[in-house]
Amino acid sequence: MKSISTDELNQKVDAGDELHIIDVRERDEVAAGMIPGAQHIPLGELPERTGELDSSKEYYVVCQAGGRSAKASEYLESNGFHSVNVDGGMSSWRGVTVYG
């Protein structure tokens, strides 16, 4: 499974790269702040919502610490999607956040 640090991801965000970020945390966690432009799909809803995703794109998957996003990345990979796990998750994120 591919992975990226939060600092590396933040550099991509700051550079204005076209990114596809999926936040798999629960609603109450996302309400405390998420990466700008991230799509919120709670881990438990991922199997029924993969139709919203494009298999030609690469998805950066984030959660609070990295465990759930690793599970989500494995699931996506096994279903034909390109994914990158964000190591450390939002607990390590030092970039800008937006509140939902």
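Since the structure is predicted, the reported quantities are computational estimates derived from the model, not experimental observations.
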S.K.: Tell me whether V30 shares a hydrophobic cluster with I35, the cluster being built from Ile, Leu, Val, Met, Phe, Trp, Tyr side chains joined at under 4.5 Å.
M.R.: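 Unlinked, V30 and I35 end up in two clusters.
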S.K.: Please tell me whether V13 and V86 are part of a single hydrophobic cluster in this structure, the criterion being side-chain heavy atoms less than 4.5 Å apart.
M.R.: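 Hydrophobic grouping puts V13 with V86.
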S.K.: Among D23, I21, L53, which one satisfies side-chain contact (heavy atoms from CB on, under 4.5 Å) with Q39?
M.R.: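 That would be L53.
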S.K.: Using modelled atom types only, decide if a donor and an acceptor are shared between the side chain of S91 and the backbone of Q64 within a distance under 3.5 Å.
M.R.: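 Checking the backbone N and O of Q64 against the side chain of S91, a donor-acceptor pair under 3.5 Å is found.
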S.K.: Do other residues, nucleotides or ligands put more than 12 heavy atoms under 6.0 Å from E18 CD?
M.R.: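 Result for CD/E18: open.
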S.K.: Can L9 and L19 be said to form a side-chain contact (heavy atoms from CB on, under 4.5 Å), step by step?
M.R.: CA-CA 9 Å; L9 181 59; L19 301 171; 4.0 Å; yes
S.K.: Does a side-chain heavy-atom distance below 4.5 Å link T50 with Y75?
M.R.: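 With C-beta onward as the side chain, the pair touches.
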S.K.: Report yes if the side chains of K12 and I4 come closer than 4.5 Å at any heavy-atom pair, otherwise no.
M.R.: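 They are in side-chain contact.
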S.K.: Answer with yes or no whether the side chains of S56 and D54 bring together a donor and an acceptor at under 3.5 Å.
M.R.: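 Looking only at side-chain atoms, S56 and D54 do form a donor-acceptor pair, the distance falling under 3.5 Å.
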S.K.: I'd like to check R94 versus T6 (side-chain heavy atoms, cut-off strictly below 4.5 Å). Are they in contact?
M.R.: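 Not touching, per the 4.5 Å side-chain cut-off.
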S.K.: Looking at every heavy atom in both V62 and G89, which two are closest together, and how far apart are they?
M.R.: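 Closest pair (atom of V62, atom of G89, distance): CG2-CA, 3.9 Å.
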S.K.: Which atom names give the shortest non-hydrogen contact between A70 and N85, and what distance separates them?
M.R.: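 In terms of heavy atoms, the two residues are closest at N-OD1, 3.1 Å.
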S.K.: Please confirm whether the backbone N or O of S83 pairs with a side-chain atom of H20, one donor and one acceptor, at under 3.5 Å?
M.R.: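 Not confirmed, H20 side chain does not pair with S83 backbone.
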S.K.: Quick one: CD1 on I41 to OH on Y59, what's the gap to the nearest 0.5 Å?
M.R.: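 The OH atom of Y59 is 8.0 Å from CD1 of I41, to the nearest 0.5 Å.
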S.K.: Between CD of E74 and CE of M1, what distance do you get to the nearest 0.5 Å?
M.R.: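 It is 4.0 Å, given to the nearest 0.5 Å.
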S.K.: Between S55 and G80, what is the shortest heavy-atom contact and its length?
M.R.: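 Smallest interatomic distance, heavy atoms only, reads CB-O, 3.7 Å.
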S.K.: Between K2 and E58, what is the shortest heavy-atom contact and its length?
M.R.: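 Taking K2 first and E58 second, the nearest heavy atoms are NZ-OE2, 2.8 Å.
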S.K.: Output yes when a side-chain donor or acceptor of E45 lies under 3.5 Å from a complementary backbone atom of P42, and no otherwise.
M.R.: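 Not confirmed, E45 side chain does not pair with P42 backbone.
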S.K.: Between L46 and L76, is there a side-chain heavy-atom distance shorter than 4.5 Å?
M.R.: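 When only atoms from C-beta onward are counted, L46 and L76 do touch, with a gap below 4.5 Å.
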S.K.: Grouping I, L, V, M, F, W and Y whenever their side-chain heavy atoms are under 4.5 Å apart, do Y60 and W93 come out in a common cluster?
M.R.: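 Yes, one cluster joins them.
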S.K.: Just wondering, do T97 and M90 contact through their side chains at under 4.5 Å, heavy atoms?
M.R.: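 When only atoms from C-beta onward are counted, T97 and M90 do touch, with a gap below 4.5 Å.
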